[in-house]
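In what follows, a structure is listed as structure tokens, so that the remarks can point back to it.
Computed from heavy atoms alone, side chains included, the values below leave out hydrogens, waters and symmetry copies. Here the structure is a predicted model, which means the values were calculated and not measured. Just so it is clear: chains get the letters A, B, ... in the order the sequence lines come, proteins before strands, and each one is counted from 1.
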Protein chains: 2
Amino acid sequence: MSAWTPPPPGRHVYEYPRPAVAVDCVVLGLDTDDLKVLLIRRGVDPWKGAWALPGGFVGEREGLEAAARRELAEETGIGEVFLEQLYTFGEPDRDPRHRVISVAYYALAKLSDFKLTAGTDAAGAGWHPLSKLPALAFDHAAIIDAAVARLRGKVRYAPIGFELLPPRFTLTQLQRLYEIILERELDKRNFRKKILSLDLVIETDEKQTGVRHRAARLYRFDRKKYDRLVKHGFEFAI
Amino acid sequence: MSAWTPPPPGRHVYEYPRPAVAVDCVVLGLDTDDLKVLLIRRGVDPWKGAWALPGGFVGEREGLEAAARRELAEETGIGEVFLEQLYTFGEPDRDPRHRVISVAYYALAKLSDFKLTAGTDAAGAGWHPLSKLPALAFDHAAIIDAAVARLRGKVRYAPIGFELLPPRFTLTQLQRLYEIILERELDKRNFRKKILSLDLVIETDEKQTGVRHRAARLYRFDRKKYDRLVKHGFEFAI
DNA sequence: CTCACTGAGTGTATGATGTACACGAACAAG
DNA sequence: CTTGTTCGTGTACATCATACACTCAGTGAG
């Protein structure tokens, strides 16, 4: 046994090998007629120049969700979104250079809130339709698949679809949302009957503006009522 | 800047701090009339002597699920079970001594398969009913809560309940399983109607033995048929 | 002002599914 | 043979899902 050696300056020494831990965020947004995902261009190797999910390493004393929100803010300017842990990807070879375990999160954003203008930190960020994604770094394509699958599964029994819409929305917008996510058409009258019978959207006295046809009534989601009902065992289902 | 210093022998040196990454397994088993979870007694500090989930650190070139299965086998003797990733727990202070991020898995085991006999590696392991858990190390109580919630949610739209039963089971056993997991009583005739209409359990020509009343017919789950149906868009639901 | 266009908003009939409910027969044990 | 226990079964009713088409409101063009 050799005598104890002081750690080299600026370095971190452990008795056993440790993987690096990162977070990656799949931010989904609803556009007119498809879902889009927010990607950034990688500025560093490996995969320099490729599109990738926003993300980065977790700070020494930082929670995982906190790290995800920080990276989102830094790399895309997005704050205050619905964000939920998705899955942890940790195959030994997912990063060619060293072992990286990535805790993936998915977020739902109102596209309109995030016009990604050049000149900000988010200059290299862009919304890409799920149907034609560019080549992606690492296993990020698989992470996106997992996020979309989760959304599809969850949207039917949790009111998370509202996270993708502006605070005031028309029932037709809401129907389009479900049609896009579930990838099937829904009957207008049955959809409205169902939604209104749940009694979780409140009719406002506002109407759509800027449309070149009869303006539809705007509704809002009653989150308080939903929370109250859930406490008493109610289960949302579309 | 000082010149490069060689790493001390037997140590691992990184430029940035890295958390340790562990896996923890919530193994659930179905007993006569409740769910039980498999716990081990910790032999080392911190929390030496406390009950904890089986788990441990992830090897340098080992996948996460592989690590979970390895730890399960080493600490409890359990192999070949249904195992699925649950959630990753990474609050900075969940371990008092250093940062540990734990990727939790949950497993469903047939209790009968795992009589935990003293004298094996699993000597310190034991099944504990969820309703009266001992004090647990770290945030393991929260991990168990998450696993049970996941099971409760998933059992209704995925045929994972069968993982908790022996390969041949009676419909009454299956009904008890759902009653225990969902924590509500089900109507016998309606339950049988529902299950049989799904056409996923196959009547065998065997009967229960060793019971002191009329023996019930045994059924088995038709996994192949289920897989085939799922491919064509079928959705299981109880 | 009129017309054309687009999407808003609305009800009913039918089939499918969920729910409530009770008793006779099988078998084992004594 | 009696007792105790669980098995296995059907029907009536309520609820929910589905299929389906037209009138009207409002805008914009001419």
* Classify the ring geometry between B/Y106 and B/F82 as parallel (under 30°), tilted (30 to 60°) or perpendicular (over 60°). => perpendicular
When rounded to whole Å, the CG to P distance for the pair B/N190 and C/dT19 reads 7 Å
A/E179 atom CD is separated from C/dG7 atom C1', nearest whole Å, by 14 Å
Q) What do the steps show when you test A/L218 against A/F169 for side chain to side chain contact (heavy atoms under 4.5 Å, CB included), and what is the final call? A) CA-CA 5 Å; A/L218 295 174; A/F169 51 84; 5.6 Å; no
note: A/F191, atom CZ; C/dA8, atom P; distance rounded to Å ~ 13 Å
Of A/K207 and A/K194, the one whose nearest nucleotide on DNA chain D sits closer to the 5' end is A/K194
Rounded to whole Å, CD of A/Q208 lies from P of D/dT27 at a distance of 11 Å
Donor-acceptor pair under 3.5 Å: do we get one between B/R214's side chain and the base of C/dC27?
no
For D/dG10 and B/K193 - does any side-chain N or O of the residue sit under 4.0 Å from the phosphate oxygens OP1/OP2?
no
Donor-acceptor pair, side chain of B/R41 and main chain of B/G49, under 3.5 angstrom
yes
Practice prompt. Using only heavy-atom distances, decide whether a donor-acceptor pair under 3.5 angstrom links the side-chain of B/R217 to the base of D/dC7.
Written response: no
On the nucleotide D/dT6, are OP1 or OP2 found under 4.0 Å from the side-chain N or O atoms that B/T172 carries? no
In whole angstroms, the gap separating C1' of C/dT17 from CG of B/L198 amounts to 12 Å
ask   = Would you say the side-chain atoms of B/R150 pair up with the backbone N or O of B/L86, donor to acceptor, closer than 3.5 Å?
value = yes
- Query: If you draw a 6.0 Å radius around CZ in A/R212, do more than 12 non-hydrogen atoms from other residues or ligands fall strictly inside?
  - Reply: no
Separation of D/dG8 atom P from B/H213 atom NE2, nearest Å, is 10 Å
State whether B/R192 places a side-chain N or O below 4.0 Å from either non-bridging phosphate oxygen (OP1 or OP2) of D/dG8. yes
In whole angstroms, the gap separating P of C/dG9 from CG of A/L174 amounts to 13 Å
Ranking A/D187 and A/R212 by the position along DNA chain C of their nearest nucleotide, the one closer to 5' is A/R212
Taken to the nearest whole Å, CZ/A/R184 to P/D/dA17 is 12 Å
### Message
Under 4.0 Å from OP1 or OP2 of D/dG8: is there any side-chain N or O of B/K188 that close?
### Response
no
